[in-house]
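The structure presented is a predicted model; accordingly, all values stated were derived computationally and were not measured. Lettering follows sequence order; numbering is per chain, from 1. When reading the values below, keep in mind they use all heavy atoms of this one structure, side chains included, and skip hydrogens, waters and symmetry mates.
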2 protein chains.
Amino acid sequence: MTGTADGERAPEDVLVALADPIRREVLAVLAREGGATSTSLAAGLPVTRQGVAKHLAVLDRAGLVRAHRAGREVRYEVDPQPLRQAMRWMDTLATQWEHRLDAIKDLAEGTTGEA
Amino acid sequence: MTGTADGERAPEDVLVALADPIRREVLAVLAREGGATSTSLAAGLPVTRQGVAKHLAVLDRAGLVRAHRAGREVRYEVDPQPLRQAMRWMDTLATQWEHRLDAIKDLAEGTTGEA
DNA sequence: TCAAGGCGCAACCTACTGGTTGCATAAAGG
DNA sequence: CCTTTATGCAACCAGTAGGTTGCGCCTTGA
């Protein structure tokens with residue numbers, strides 16, 4: 001099923017997905033190896049295959065990985081797009097904050113040094 | 001104390017902090033209002049003051065907010081810097097992924113059309 | 001000085017997340 | 001056809017994150 005498959009995904013899913021160290025490691029391995037299965041991933045991680053599978057499910061829901069069935073294997077690979085989206089979301093947020101802070105600062109200056 | 005106060009903070013703290021909807025809301029209010037106290041925040045949120053305080057502690061640990069004591073009040077305001085840092089971290093990650101994906105693609109092309 | 005407002009700390013509760021084991025199912029390959 | 005290998009599903013377990021209440025301490029301001 002590969003996630004919700006809609007282009008406009010909520011950035012919070014990505015944040016939640018990235019908030020776990022094992023999931024970050026999974027992504028790192030997937031990026032390094034160019035793809036892997038839950039079984040092969042579990043071999044190099046301190047969790048069982050089922051544990052990895054659950055993490056992959058979370059990553060898939062966030063759209064950060066894509067699943068491709070090949071015979072009896074299911075191969076996963078990373079997708080940078082949702083990451084880029086989340087970055088844009090954060091950029092908007094940070095910019096808003098900065099504007100507010102500037103506004104506050106200006107206000108303070110206006111109060112103390114009023115011409 | 002205002003967080004760990006070191007310039008190079010792990011981006012994962014920011015991710016964890018941002019992964020919670022209430023914390024995102026807290027940040028939104030702080031940015032909109034230009035600062036607030038745990039008590040005033042709790043008034044507009046579906047949690048108690050103590051709940052808000054815990055969230056503020058998490059945000060503070062991530063460096064996303066700064067606490068300023070004013071008499072018997074503690075006023076919090078947002079700090080965009082860790083957000084920017086986290087974005088840079090994500091950018092590095094996304095870029096890495098994209099490079100790997102390109103490498104894989106090139107490899108596939110090379111295999112089929114070897115000159 | 002004393003009441004009220006605002007915080008901080010600690011104990012406690014609950015739900016969910018991360019993890020496991022066990023079994024069923026499906027594709028490869030002899 | 002039977003064995004092996006890989007995945008999928010479900011039940012179950014433990015730790016912790018998010019939330020609450022209760023209480024004590026410190027400022028403010030009348």
Side-chain angles (χ1 to χ4, degrees), chain A residues 1-4 10 12-30 33-77, chain B residues 1-5 10-30 33-77:
Chain A
M1 222 164 282
T2 300
T4 327
E12 57 222 44
D13 287 354
V14 175
L15 296 173
V16 170
L18 289 178
D20 184 276
I22 295 235
R23 280 195 288 269
R24 285 195 295 272
E25 180 63 23
V26 166
L27 290 171
V29 174
L30 286 182
E33 314 272 319
T37 67
S38 55
T39 304
S40 70
L41 282 166
L45 291 171
V47 287
T48 61
R49 174 183 64 88
Q50 303 291 2
V52 174
K54 284 195 185 179
H55 284 301
L56 285 170
V58 174
L59 291 170
D60 184 68
R61 256 177 269 133
L64 289 167
V65 300
R66 291 290 177 75
H68 300 282
R69 177 133 226 158
R72 65 179 159 185
E73 289 194 339
V74 177
R75 187 155 215 88
Y76 289 86
E77 54 187 53
Chain B
M1 228 166 281
T2 301
T4 326
E12 57 223 43
D13 288 354
V14 175
L15 296 173
V16 170
L18 289 178
D20 184 278
I22 294 234
R23 281 194 288 269
R24 285 195 297 270
E25 181 63 23
V26 166
L27 290 172
V29 174
L30 285 181
E33 315 272 319
T37 68
S38 55
T39 304
S40 70
L41 282 166
L45 291 171
V47 286
T48 62
R49 174 183 64 89
Q50 303 293 1
V52 173
K54 284 196 185 180
H55 284 302
L56 284 170
V58 175
L59 291 170
D60 184 67
R61 256 177 269 132
L64 289 167
V65 300
R66 290 290 176 76
H68 301 282
R69 176 134 227 158
R72 66 180 160 186
E73 289 194 338
V74 178
R75 186 154 217 86
Y76 289 87
E77 53 188 53

N/O-N/O pairs, protein side and nucleotides 16-18 of chain D side, under 3.5 Å:
| from | atom 1 | to | atom 2 | distance (Å) |
| --- | --- | --- | --- | --- |
| D:dG18 | OP1 | B:Asp20 | OD2 | 3.3 |
| D:dG18 | OP1 | B:Arg23 | NH2 | 3.2 |
| D:dG18 | OP2 | B:Arg23 | NH1 | 3.4 |

Rounded distance in Å - [atom1] ([X]) to [atom2] ([N]):
X: B:Glu73; N: D:dC25; atom1: CD; atom2: C1'; result: 17 Å
X: B:Arg69; N: C:dG6; atom1: CZ; atom2: C1'; result: 8 Å
X: A:Arg61; N: C:dC16; atom1: CZ; atom2: P; result: 14 Å
X: A:Leu41; N: C:dG18; atom1: CG; atom2: P; result: 16 Å

What pairs meet the salt bridge (Lys or Arg N to Asp or Glu O under 4.0 Å) rule with one or both residues in residues 33-57 of chain B, with sequence neighbours excluded?
->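 As it turns out, there is no salt bridge (Lys or Arg N to Asp or Glu O under 4.0 Å) pair with a partner in residues 33-57 of chain B once direct neighbours are skipped.
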
Can you tell me if the side-chain N/O atoms of A:Thr48 get under 4.0 Å from OP1 or OP2 in C:dT20?
->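 A:Thr48 to C:dT20 OP1/OP2: side-chain N or O found under 4.0 Å.
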
Under 3.5 Å, which N/O atoms of the protein pair with N/O atoms of nucleotides 23-26 of chain C?
none

Enter the distance from A:Ser40:OG to A:Leu45:CG here, rounded to the nearest 0.5 Å.
->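 One finds 9.5 Å between OG of A:Ser40 and CG of A:Leu45.
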
First locate atom CG of B:Asp13, then atom CG of B:Leu59, and finally report the distance between them rounded to the nearest 0.5 Å.
->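 Separation between the atoms: 11.0 Å.
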
When the side chains of residues 18-26 of chain B are checked against the rest of the protein, which donor-acceptor pairs come out under 3.5 Å, sequence neighbours left out?
| from | atom 1 | to | atom 2 | distance (Å) |
| --- | --- | --- | --- | --- |
| B:Asp20 | OD1 | B:Ile22 | N | 2.8 |
| B:Asp20 | OD1 | B:Arg23 | N | 3.1 |
| B:Arg23 | NE | B:Ala17 | O | 2.8 |
| B:Arg23 | NH1 | B:His55 | ND1 | 3.1 |
| B:Arg23 | NH2 | B:Val16 | O | 3.3 |
| B:Arg24 | NH1 | B:Leu18 | O | 2.7 |

Along DNA chain C (nearest heavy atom to each residue), the more 5'-positioned of B:Tyr76 and A:Pro46 =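 Its nearest nucleotide lies further toward 5', so the answer is B:Tyr76.
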
Could you pull out the closest heavy-atom pair between A:Arg72 and A:Arg69, with the gap in Å?
->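 That would be O-NH2, 3.9 Å.
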
Determine the minimum heavy-atom distance between B:Leu30 and B:Leu41, stating which atoms define it.
->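 B:Leu30 and B:Leu41 have their closest heavy atoms at CD2-CD1, 4.1 Å.
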
Indicate, with a heavy-atom threshold strictly under 4.0 Å, whether B:Gly71 touches base, sugar-phosphate, or nothing.
->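 If one applies the 4.0 Å heavy-atom cut-off, B:Gly71 turns out to touch the sugar-phosphate alone, with no base involved.
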
Residues in side chain to side chain contact (heavy atoms under 4.5 Å, CB included) with A:Glu73, at least two apart?
->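 Residues passing side chain to side chain contact (heavy atoms under 4.5 Å, CB included) with A:Glu73: A:Thr37, A:Arg75.
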
